[in-house]
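Some notes on the structure that comes next.
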Amino acid sequence: MEPRTQNHNPDVIEALMEYLPAGVVIVDQQRRVLLANKAITQLTRLPKSGFYLDELTRLFDGQVDFGAELDKILAHAVSPVVILRDIVFGKYFYSAHCFQIFDEHSNPAGGAILFQDITREKEIDLERSEFISIASHQLRTPLGSMRWNLEMLEEHIRALPEQAQKRFYEAYKSNRRAIWLVSDLLDVARIEQGTAESEPQPTDLPALIHTVVQEMASEAEIKSLSVRTIVPDNIDKVVIDPVQFRDVIENLLLNAIKYTKAGGSITIALVKTDTGIQGSVADTGIGIPEKDQQKIFTKFFRSKNAARVHTESSGLGLFITKSYVEKWGGRLWFESKEGEGTTFYFTIPAQ
Ligand code: ADP
């Protein structure tokens, strides 16, 4: 077996592989290791060749089944490269690129895995979220005090001229926005630091949904949006963190309200399925442009069409929502057509 580089001097290739700071493992079609470079043998204490990929899977505590990942690529069920992130080995973090290799006749000859040490990257990420967390905590107190003082002033505000009243409400609105942003930033920092605790308890989901819909009714009314709720009464209580479930519904409903033009409609539904419960929030709004759909769960990402209709948003809501849904073992996804509407779906596995 030779990788496609056959025309090149094999000594050079071998020396390159040996001293590459990234780990490289090359296997034949039977998942037997033909070559593990220095970075890998030093890390794992495995020999340079002759062992099977299962050995590597075992050393990485089964976090990843390397053989199965290579099988996926060989079957072409997924893209030609599978990228796995955040694989832990001792105190180090790795990402692994798994790809197929070919012989000199372009026939499949096996696979290769490239391990990259991303420990420093992870440390920087953690330092950044710690900084955000500290800054947000520091901001919370003065913003809260500002809000309290503004609310105290509100009863006297009617005595002021109309222009001054307008300014007062602008200040109040800005303060609320800043409080929401800081609270989102704190949630993101907790998620990234792995300190977002959940406290699951038996929760009446339909009741919680009705409460959120009621709380947001005035926002929907301002835009003449009709909000319909289709939730069966025969759903037993579900053991879930009620605060996180509420956040998920609030984020999805608030987005539907923000990104649906006046006169549109929103439907929140909950159904029992064979595998648990599926919820959905559908709107007849502006939709998500196809080119943006891949990026929609990325922190701070906002589509241009959304930023045009609603200038002040953080782009953090869906990142937080996805992380909560995945934490309770569910999945979050959407279907959307620009100009026609969007439906977000989430699942809660059966308990
Ligand atoms: P934001 O605070 O900007 O709403 P999110 O993370 O909740 O942040 O959403 C990210 C982006 O996803 C939005 O800015 C918008 O571009 C898009 N989006 C989310 N929900 C909808 C929706 N219901 N309809 C259209 N676009 C949406």
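What you see is a predicted model, and the numbers here were worked out from it, not measured in a lab. We count ligands from 1, going down the list as the structure has it; atoms in each ligand are counted the same way. Index from 1, following the sequence.
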Is it the case that ligand 1 has an N or O less than 3.5 angstrom from some N or O of N305? no

request  = Flag F344 as yes when one of its N or O atoms lies below 3.5 Å from any N or O atom of ligand 1, and as no otherwise.
outcome  = no

Against heavy atoms of [X], which atoms of ligand 1 measure under 4.0 Å?
X    : answer
G315 : 1 (P), 2 (O), 3 (O), 6 (O), 8 (O)
I296 : 12 (O), 17 (C)
K258 : 1 (P), 2 (O), 4 (O)
F301 : 10 (C), 11 (C)
S314 : 2 (O)
A306 : 14 (O), 15 (C), 16 (O)
S303 : 16 (O)
L316 : 6 (O), 8 (O)

Exactly one candidate in I157, L150, L153 meets side chain to side chain contact (heavy atoms under 4.5 Å, CB included) with Y172; the answer is L150

Exercise for review: Give a yes or no on whether a salt bridge exists between K327 and D241, defined as a side-chain N under 4.0 angstrom from a carboxylate O.
Suggested key: no

N-O pairing of K299 and E192 below 4.0 Å: yes

Test Q63 against Y94 for side chain to side chain donor-acceptor pair (under 3.5 Å), laying out the working first.
CA-CA 12 Å; Q63 294 167 77; Y94 286 88; over 6 Å; no

Heavy-atom proximity to atom 26 (N) of ligand 1 ranks first, among T284, N255, I288, for I288

Atom 25 (C) of ligand 1: of G287, G285, A256, the nearest heavy atom sits on G287

Exercise for the section: Examine the side chains of K91 and T119 and answer whether a donor and an acceptor come within less than 3.5 Å of each other. Expected result: no

Looking only at heavy atoms, the pair that brings R331 and T347 closest together is N-OG1, 2.9 Å

Checklist entry - For I288, does its backbone N or O pair with a side-chain atom of D292 as donor and acceptor, under 3.5 Å? => result no

Look only at the side chain of T211 and the backbone of A207, and say whether a donor-acceptor pair between them is shorter than 3.5 Å.
yes

Ring pair (Phe, Tyr, Trp, His ring centres under 6.0 Å) pairs touching residues 112-159, sequence neighbours excluded, are F60-F115, F66-F115

Residues 332-351 vs ring pair (Phe, Tyr, Trp, His ring centres under 6.0 Å), sequence neighbours excluded, gives F297-F334, W333-Y345, F334-F344

Closest protein heavy atom (residue, atom, distance) for [atom]:
atom                    : result
atom 13 (C) of ligand 1 : Y259 OH, 3.7 Å
atom 6 (O) of ligand 1  : L318 N, 2.8 Å
atom 3 (O) of ligand 1  : R302 NE, 2.8 Å
atom 23 (N) of ligand 1 : D283 OD2, 2.9 Å

